[in-house]
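Here the structure comes first, spelled out in structure tokens, and everything after it is commentary.
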Amino acid sequence: MAETIFEAFRASTAAAPDNAFICVPAGTSYASDGIEWTYQDVMRRVAALTECYRHAGYGLGHRVALLVENRPDYFLHLLALNAVGASVVPVNPDHRHAELLYQMQHSGVVLAVALPHHVERLTAVADELAGQFVVLTVDSLPERLPSPARPAATGTLDRQTEAGIFYTSGTTGRPKGCLTTNDYWLSAGEWFFILAGSGGRFSIAPGQDRLFNPMPVFHVHAGVVALMPMLLSQGCVIRPEYFSAKRWWNEVSTTRATIVHYIGAVPQALVALESSPDERAHGVRFGFGAGMEPSIHREFEERFGIPHLEVWGMTEVGRWTANDQDPRPIGVRAIGRAVGPLEASGSSANTTATLRQEPKASLSSGWPAKILAKASLPAISMTRPQPRPGGAEAGGIRATLFARTKTGSSISSIGART
């Protein structure tokens, strides 16, 4: 069994070298004809980058910022850095100077790889931090990379090795740095298989599925959840440059997507469009995401012919519930029940219950409830102000959901917090 993201990718490459792994729709600003790289194509590129990083001394305990937007470069550098034991810090391209300064200083990165139009901003931050990190342009890496100021730590790469830090939106204060291990990433992909085997609408066709996700890779939603099921199943990740409602159906159909993954604002934008034949010219088996407005749920499914599986999860947990068991509640924000090893327990004014796929108990119908979700597998920990060479321990992180329930039925979300 693979211990790291790179090892899992290497296994999939050996199993299906000619399968498509990364697809970019035609019409992007950087690839007008589109891109489709096989596992073998990507492995060649990753192997070359890995050698560059290893030769320069990057490895365990080092963190590298990636400001490459949603381009395939993200996946190439992620895999190469993971191969040598370094951790990635995906960066939001919309960050202003103060936000970049905080993220770079807080994460303690020793290198930043960026698209040309972001280099100047990152260089200004590096100067302010007295040379804490070096900035390189992804399109023109030097033949020999600059070596990090401190050597890599010694140790074995395994599932508990730090793999990346994702920063939350910081709506209630400064963004939290969510430190994720190889286990977190691999478990996210394995979780898709667990859901697929639970008897609901979630399914996966190894070597055949093509998952379309237009959301930014600096969040777990696209950076991990959309990537790992495909990587583990020799499937294809479809990465448009950004979300465009007007281009959605053309991109989905021409890239031969079989699964679509989005946030709630996407379906709302799609149903607002005028009807066209393109919206049925697809091969999508199901879509999933969080936050669809209940009032458009039925319209979305009937108009586009795509079952929407409402999910609920949080960066801190790395797994999610899904409203995918028939008969599915429609239009009520139903988010399903927990499937082991994800645990969800709820309490309301008059009772407490464990909420699982086969419910042994349910909360009283209609009562507001507080649902506590946790993963019994190692989850993540929050980063500390100073980086810890060699990685950090993975803690069991819990998330709280405020919800309403119906006896014997799914949980319906009305809010959440950590």
Side-chain angles (χ1 to χ4, degrees), residues 1-2 5 8-9 11-12 15-16 19-21 23 39 159 182-213 215 220-238 252 255-263 282-290 292 297 300-301 304-314 317-330 334-344 355-359 373-377 379 409-411:
M1 179 179 290
I5 304 165
F9 172 69
S12 285
N19 279 16
F21 176 49
C23 174
Y39 277 80
R159 288 182 76 109
N182 279 310
D183 181 80
Y184 178 95
W185 292 63
L186 294 169
S187 294
E190 292 158 1
W191 184 246
F192 208 101
F193 285 85
I194 291 173
L195 287 177
S198 67
R201 293 288 191 101
F202 256 92
S203 62
I204 192 164
Q208 301 175 44
D209 271 327
R210 298 169 65 90
L211 191 154
F212 184 99
N213 184 309
M215 310 318 296
V220 164
H221 181 284
V224 178
V225 174
L227 167 65
M228 295 309 296
M230 296 299 100
L231 186 151
L232 294 182
S233 67
Q234 301 87 54
C236 181
V237 180
I238 304 171
V252 166
T255 58
R256 308 187 308 284
T258 59
I259 302 170
V260 289
H261 184 201
Y262 40 70
I263 59 173
H282 61 76
V284 176
R285 195 165 65 253
F286 65 89
F288 71 106
M292 176 183 278
H297 188 169
F300 177 89
E301 295 200 1
F304 303 132
I306 299 175
H308 164 69
L309 310 181
E310 184 75 13
V311 299
W312 177 77
M314 298 187 78
V317 178
R319 291 126 183 116
W320 60 95
T321 65
N323 177 30
D324 73 329
Q325 302 288 320
D326 291 325
R328 290 176 299 121
I330 302 294
I335 58 173
R337 292 178 177 274
V339 177
L342 181 67
E343 301 173 21
L355 305 169
R356 290 195 176 280
Q357 197 67 40
E358 49 288 334
K374 65 178 181 177
S376 56
L377 295 174
S409 186
S410 296
I411 310 165

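Side-chain atoms are counted along with the backbone in the values below, which use heavy atoms only and exclude waters and symmetry mates. Everything numeric here is computed off the predicted structure, so don't read it as measured data.
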Shortest non-hydrogen separation from Ala222 to Asn213 and the atoms involved: CB-OD1, 3.4 Å
Would you say the side chain of Ile5 lies within less than 4.5 Å of the side chain of Asn182, judging by non-hydrogen atoms? yes
Heavy atoms only: give me the nearest Arg285-Ser203 pair and the separation to one decimal. NE-OG, 2.8 Å
Heavy-atom pair of closest approach, residues Gly223 and Trp185: O-CZ3, 3.4 Å
With a 4.5 Å cut-off on side-chain heavy atoms, are His261 and Leu211 touching? yes
Below 30° counts as parallel, above 60° as perpendicular, anything between as tilted: where do the rings of Phe304 and Phe300 land? perpendicular
Do Asp183 and Arg159 sit within salt-bridge range, that is, some charged N less than 4.0 Å from a carboxylate O? yes
Heavy-atom pair of closest approach, residues Thr255 and Val252: OG1-O, 3.4 Å
Contact summary for Phe212 and Ala257, nearest pair of heavy atoms: CB-CB, 3.8 Å
Exercise: identify the closest heavy-atom pair between Ala226 and Val237: O-CG2, 4.2 Å
Pairwise side-chain contact, Val311 with Phe202, heavy-atom cut-off 4.5 Å (strictly under): yes
After noting the C-alpha distance and the side-chain angles of Ile306 and His282, does the key distance pass the side-chain contact (heavy atoms from CB on, under 4.5 Å) rule? CA-CA 10 Å; Ile306 299 175; His282 61 76; 3.4 Å; yes
Do Ile259 and Phe192 have side chains that get closer than 4.5 Å, going by heavy atoms? yes
Ring centre gap for Tyr39 and Phe9 strictly below 6.0 Å: yes
Spacing of Asp324 atom CG and Ser198 atom OG [to the nearest 0.5 Å]: 5.0 Å
Any residue meeting side-chain contact (heavy atoms from CB on, under 4.5 Å) with Ala15, in chain and number order, not counting sequence neighbours: Gln234
Interatomic spacing from CD1 in Ile204 to CG in Leu232 - rounded to 0.5 Å: 8.0 Å
Close side-chain approach of Tyr184 and Val220, heavy atoms under 4.5 Å: yes
Sorted by chain and residue number, the side-chain contact (heavy atoms from CB on, under 4.5 Å) partners of Ala20 (sequence neighbours excluded) come out as Glu36, Arg210, Cys236
If we ignore hydrogens and angles and just use 3.5 Å, is the side chain of His221 paired with the main-chain N or O of Tyr262 as donor and acceptor? yes
Going from CG on Asp209 to CD1 on Ile238, what distance comes out if it is rounded to the nearest 0.5 angstrom? 10.0 Å
Once you round to the nearest 0.5 Å, how far does CD of Gln325 lie from CG of Leu309? 10.0 Å
Listed by chain and number, what are the side-chain contact (heavy atoms from CB on, under 4.5 Å) partners of Ile194, not counting sequence neighbours? Trp191, Val339, Pro341
Using modelled atom types and a 3.5 Å cut-off, is there a donor and acceptor pairing between side-chain atoms of Glu301 and backbone atoms of His308? yes
Are any side-chain N or O atoms of Asn323 and backbone N or O atoms of Pro329, one a donor and one an acceptor, separated by less than 3.5 Å? yes
